[in-house]
Amino acid sequence: QKEVEQDPGPLSVPEGAIVSLNCTYSNSAFQYFMWYRQYSRKGPELLMYTYSSGNKEDGRFTAQVDKSSKYISLFIRDSQPSDSATYLCAMSGSTGGFKTIFGAGTRLFVKA
Amino acid sequence: SQTIHQWPATLVQPVGSPLSLECTVEGTSNPNLYWYRQAAGRGLQLLFYSVGIGQISSEVPQNLSASRPQDRQFILSSKKLLLSDSGFYLCAWSVDSYEQFFGPGTRLTVL
């Protein structure tokens, strides 16, 4: 079993839809949960970060962490064509980047 | 502000040829440096990380090697490329943080 599981998609939605992206994990030591966004032929950029359980909202984006289920989600409201990208979940048990585990990434297409 | 550079952006190499990819970081001191490979549908695979000059840790056994000759310079090398070395190579840095900052990447095709 992989430490982090993420459906690679692709996921195609119409503009304005609510998008739900998810990851499951197996390591209960993970404390830092992140979502990176990667545009085609570019490096990933940090989009959202959550420590331990709970929700975090930033504009149209909401990150949720359920440690009891080992499940994390990213919601995008009022999706825009500019949101079309690959979204990678990532998690770590410490602030040391060398212990960060990335999901496979979900490719999202938002159609105008 | 901090900046990370990678070159070349794209590279096509024959099987058995050598490889050298370079990464440099500006605007920060003593960063942690990372080399990742990204293959379609497989996410980011950590290849090497370094916490200081000359300190390299390998995460995956392979025919690749890494070196850190200067504080903000990280080099990925191979003496003989394999077909399976094709992929998107990303360099990243961090400083005592969960967040990593990625470079623009190098797309390597081995023919």
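Quick note on labels: first sequence line is chain A, next is B, and so on, each numbered from 1.
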Report task. Evaluate whether atom CZ of B:Arg68 has more than 12 neighbouring non-hydrogen atoms of other residues, nucleotides or ligands under 6.0 angstrom away. Result ->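 Counting other residues, nucleotides and ligands, CZ of B:Arg68 exceeds 12 neighbours.
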Query raised in the report: What part of B:Leu44 lies closer than 4.5 angstrom to a heavy atom of chain A: side chain, backbone, both or neither?
Result: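 It is both, since atoms from each part get that close.
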Query - Residue-level interface, residues 7-17 of chain B with chain A, non-hydrogen cut-off under 4.5 Å - result: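 Not one residue of residues 7-17 of chain B has a heavy atom under 4.5 Å from chain A.
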Query - Summary of disulfide bond (SG atoms under 2.5 Å apart) pairs that have at least one residue in residues 53-93 of chain A, sequence neighbours excluded - result: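 For residues 53-93 of chain A: A:Cys23-A:Cys89.
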Requested in this report: Considering only heavy atoms, give the residues of residues 35-45 of chain A separated from chain B by less than 4.5 Å, sorted numerically, with 'none' for an empty result.
Outcome: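 The stretch touches chain B at A:Tyr36, A:Gln38, A:Arg41, A:Lys42, A:Gly43, A:Pro44.
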Query raised in the report: Are B:Tyr89 and B:Tyr49 connected, step by step, through hydrophobic side chains (Ile, Leu, Val, Met, Phe, Trp, Tyr) whose heavy atoms are closer than 4.5 Å?
Result: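 They do not share one cluster, since no chain of ILVMFWY contacts under 4.5 Å joins B:Tyr89 to B:Tyr49.
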Query - Region of B:Gln6 in contact with chain A, defined by heavy-atom distances below 4.5 Å - result: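 No part of it gets close to chain A.
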Query - Transitive ILVMFWY side-chain link B:Phe88 to B:Leu83, under 4.5 Å - result: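 No, because B:Phe88 and B:Leu83 fall into different hydrophobic clusters, even though each may have its own neighbours under 4.5 Å.
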**Report entry** Single-linkage hydrophobic cluster, 4.5 Å side-chain cutoff, B:Ile75 and B:Leu19 together
**Finding:**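 No, B:Ile75 does not connect to B:Leu19 through the hydrophobic network.
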Report task. Tell me whether A:Phe33 is reachable from A:Val19 by hopping between hydrophobic residues (I, L, V, M, F, W, Y) whose side-chain heavy atoms are closer than 4.5 Å. Result ->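 In one cluster: yes.
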**Report entry** Joint cluster assignment, A:Leu88 & B:Phe101, ILVMFWY side-chain distance < 4.5 Å
**Finding:**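 Not linked; separate clusters.
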Query raised in the report: Do any of residues 46-66 of chain A come closer than 4.5 Å to chain B, heavy atom to heavy atom, and if so which ones, in number order?
Result: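 A:Leu46, A:Tyr49, listed by number.
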